[in-house]
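Below: the structure, in structure tokens.
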Amino acid sequence: MKVLFLAVSLCLLFYGHSPAGPAGGEGAGAGVVMSVRRDALFYGGSEEAHFAVNLENPGEKTVEGVDMIFKLYRQCRSRDELAEVREGKSRTIINSFYVRRGMRLEPGKLEEKFHLDLPSLGLTEGAWPFRVEMLKDGVKVAEARGFLFISRLQSGPPLMLMPLWNIHYPPLRDARGGELDGSLAAACSLSPEDRGFLPSLLRVMETHHGVRTAVALSGQTGSDLEAMAGQKEGEGVGGAAQVLGSLRVLASSGRAEVLSSTYGYADPAQLEEMGWRKDLAEQVLRGGNSLAVLLEDRAPRGFLPPLYSMHPELPALLDEAGISYTLITETYVSAARDGKRALAEARAGYPLLLRAGEMGEIRGMMVDSRTFHLLETWDAERDPEGLVVADDILAETLLFQRESPAERRLCLLAFPDSFRPRAEVLDRIYGAIELAPWVEASLPREALSRVPPRYTSALEPGRVLEDPPPYLTALRETRERLLTLLGALQDGDALGDSLYTGLMAGEGADLYEGYPEGAGGRYLDSLRNWVEDELTGIRVKDQGTLTLSGTQGELTVVVSNVNPYPVRARLTLSGRGVDFPQGDSREVTIEPRENSFSFPLTTRGKGGFLVDIDLYLGDMRVSGTTVNLRTSNINTLAIILLTVVLALIALNLATRKMSHWGKRGRHERA
């Protein structure tokens with residue numbers, strides 16, 4: 001089918017190579033732009049190769065006396081030699097000729113065509129670099145480079161190529177629901193003037209049926225997509241619904257495989273080094289479960305660690321979460337105890353076994369570092385059509401396949417986060433992969449089933465220590481207070497899940513950059529303020545001064561809770577010279593109202609005492625006050641004597657009054 005499809009496509013001018021190289025000064029062809037197209041993606045070596053050179057003179061003046069020269073270089077026999085070509089290192093020229101001499105470049109565009117007789121050159125299979133140069137008075141003013149691919153469709157199995165896109169964006173909203181970052185909304189835009197990356201990517205994936213793709217999606221971005229798709233208005237709303245719909249169709253039809261990541265795109269190694277392993281385990285579980293719900297399917301079996309960051313403890317967590325394979329880079333393989341052998345096997349195109357705890361193991365696929373680097377360093381301004389980057393991918397995969405053509409091997413083509421090209425570039429790359437006979441675009445789960453590890457011994461990933469980013473250091477205190485509040489909530493309280501989800505999003509690596517400015521600073525402020533507002537709603541009321549009639553009494557503590565939920569807390573009383581017969585600490589439940597708690601006490605003597613009252617959630621003090629406690633200086637006997645004296649006085653007054661009443665009565669009768 002590939003050969004038939006290719007034969008049909010040869011009637012069209014296929015794509016070629018890149019735009020402008022160095023330019024001369026004013027009047028010497030400055031600003032001349034050129035690109036080259038070929039009539040086929042690859043050749044068998046027994047035909048003519050036809051080229052079309054597109055030239056553009058963007059200036060207003062005609063450029064006279066320009067020469068165009070074609071140079072074909074010695075074949076690249078290794079991927080190291082491909083790197084030398086990209087670096088501009090000199091190579092042996094096996095054929096060169098002037099296409100035209102003394103050209104006159106009017107302002108605007110023109111096209112020059114020429115052909116190359118391949119049989120006369122005797123080219124063998126491989127990647128043959130070429131350049132087309134524009135010279136003015138012997139000085140190069142523009143150039144375009146590319147490769148001639150010679151492939152005779154030999155019987156060896158094609159390289160199993162796995163394109164992988166990593167889709168994540170900073171949270172749309174902060175911890176309290178305020179607007180935070182518009183990157184995802186912009187990426188979902190359907191505007192004809194500025195179409196977003198995600199609709200373009202999904203359209204290309206739908207169009208090129210011969211290329212199956214892996215997509216890694218963080219749970220936070222998936223949740224944001226779903227939230228946007230459910231809205232009626234706003235930037236990217238329609239695009240979000242389209243992206244979700246396309247992703248679901250591609251996944252259900254088997255043309256795309258979705259890998260999970262940590263929920264908030266949190267760096268696994270950093271969480272481990274910070275001692276937040278519980279959070280990491282929850283990040284892994286939530287990341288997979290959220291995608292299972294989003295895609296209406298079972299949880300993904302593959303995992304992409306954010307920033308491709310690994311830690312020796314991560315495979316065990318993945319194994320516990322039901323993950324069967326993950327991605328790894330050369331950094332962590334080479335840092336392992338037996339890293340030299342494992343690195344050689346992974347570079348040769350074989351998966352690895354990673355040790356997951358004492359007994360378990362999962363598979364690991366190493367990102368192809370060469371293609372990753374060329375994508376990461378791609379210059380969109382010098383290669384706006386993606387002609388060079390597409391050829392570079394083909395050259396890398398062709399030589400990779402030719403290293404061991406009789407063996408079935410795999411290559412993980414991971415697109416960096418920085419690689420977000422226009423739709424035309426995506427179309428060109430996918431078209432190249434679709435037609436190249438030496439590769440077979442595959443899903444990771446299929447490639448792993450067909451290419452087993454060469455060795456059965458499991459590798460423990462190496463530990464690569466890095467200083468924690470300032471953002472995570474600043475997050476530590478807020479995280480501790482948030483977790484303490486969670487521990488004080490009643491089981492099943494909805495606030496608990498909301499708070500923890502906010503923390504999961506707040507641990508994302510997307511928030512590190514530029515802290516304390518930017519999205520990271522704003523998110524952390526929102527999370528901190530949310531937690532503090534919840535905690536300040538629980539307060540011990542000031543008691544002022546309390547006077548006891550003696551050395552024994554009772555102290556009533558009033559705690560106000562203005563939040564709409566109860567919390568478990570601990571009240572602790574302390575004071576020099578004061579004892580609490582029933583204990584100075586009590587576990588209590590603070591209901592959403594004023595709560596009163598009585599503590600019997602005794603004082604060691606008379607006078608004034610200070611009693612400190614502290615309210616704790618877990619080990620965290622959230623409120624407190626101090627009571628000024630006083631005892632009366634009048635003892636009990638004095639009170640009795642005073643009572644007797646007062647009674648005698650009252651009796652005396654009553655007797656005298658009765659005597660006066662008797663005299664007044666006798667006078668009246670007389």
Side-chain angles (χ1 to χ4, degrees), residues 2 42 76-83 125-127 149 151 153-165 210-214 216 257 259 302-304 308 310 324-334 336 338-354 361-376 392-416 429 432-434 436-459 461:
K2 272 192 176 183
F42 72 96
C76 288
R77 301 180 182 277
S78 69
R79 300 181 78 184
D80 287 338
E81 292 184 2
L82 289 177
E125 288 188 278
F149 298 110
S151 177
L153 299 176
Q154 57 187 358
S155 59
L159 181 69
M160 302 196 74
L161 186 68
M162 295 167 290
L164 169 67
W165 294 96
V211 181
R212 292 182 294 172
T213 308
E257 180 176 354
L259 284 69
F303 180 83
L304 184 147
Y308 298 99
M310 183 56 63
S324 60
Y325 71 88
T326 187
L327 311 183
I328 193 169
T329 62
E330 291 189 2
T331 300
Y332 295 94
V333 175
S334 59
D338 196 15
K340 186 175 181 180
R341 173 197 59 80
L343 188 61
E345 292 301 315
R347 283 176 172 170
Y350 297 96
L352 303 171
L353 288 177
L354 302 182
E361 59 186 28
I362 63 173
R363 295 197 178 189
M365 291 188 296
M366 193 173 78
V367 175
D368 185 69
S369 62
R370 294 181 183 271
T371 53
F372 190 88
H373 178 69
L374 70 87
L375 290 167
E376 196 172 36
D392 282 339
I393 292 173
L394 293 179
E396 291 287 348
T397 56
L398 175 61
L399 293 192
F400 197 169
Q401 192 271 344
R402 287 180 55 78
E403 287 176 355
S404 300
E407 300 180 42
R408 188 175 295 280
R409 294 169 300 127
L410 54 81
C411 176
L412 182 61
L413 176 64
F415 294 93
I429 292 173
I433 294 173
E434 193 168 34
W438 55 86
V439 298
E440 176 185 344
S442 176
L443 301 179
R445 63 172 179 262
E446 295 178 351
L448 287 172
S449 68
R450 297 171 68 182
V451 183
R454 177 169 286 188
Y455 292 102
T456 58
S457 57
L459 177 80

Of all the heavy-atom pairs spanning [X] and [Y], show the shortest one and how long it is.
X	Y	result
Phe415	Pro163	CE1-CB, 3.9 Å
Met310	Pro461	CG-CB, 3.6 Å
Leu159	Cys411	CD2-CB, 3.7 Å
Val333	Leu352	CG2-CD1, 4.0 Å
Ser449	Glu446	OG-O, 2.6 Å
Ile433	Val439	O-CG2, 3.7 Å

Is any side-chain heavy atom of [Y] closer than 4.5 Å to one of [X]?
X	Y	value
Val451	Pro351	yes
Arg341	Ser457	yes
Leu398	Phe42	no
Asp368	Arg79	yes

Could you tell me whether Arg347 and Glu330 make a salt bridge, using a distance below 4.0 angstrom between a side-chain N and a carboxylate O? yes
Salt bridge check, Asp392 against Arg370: does any charged N sit closer than 4.0 Å to a carboxylate O? no
Using atom types as modelled and distance alone, determine if a side-chain donor or acceptor of [X] lies under 3.5 Å from a backbone N or O of [Y].
X	Y	answer
Thr326	Phe303	yes
Arg363	Ser324	no
Glu81	Arg77	yes
Glu376	Pro416	no
Arg409	Ala348	yes
Gln401	Pro157	yes

From [X] [atom1] over to [Y] [atom2], what is the distance, rounded to the nearest 0.5 angstrom?
X	Y	atom1	atom2	value
Glu257	Met162	CD	CE	9.5 Å
Thr331	Met366	OG1	CE	10.0 Å
Leu375	Leu413	CG	CG	6.0 Å
Thr371	Leu82	OG1	CG	11.5 Å
Met365	Leu304	CE	CG	9.5 Å
Leu412	Leu161	CG	CG	8.5 Å

Taking the six-membered ring of Tyr325 as reference, does the NZ or CZ atom of Arg445 fall below 6.0 Å from its centre and within a 45° cone about the axis? no
Carefully, step by step, assess Leu399 and Cys76 under the rule side-chain contact (heavy atoms from CB on, under 4.5 Å). CA-CA 8 Å; Leu399 293 192; Cys76 288; 4.0 Å; yes
Between Phe149 and Trp438, what is the ring plane arrangement, given parallel below 30°, perpendicular above 60°, and tilted in between? tilted
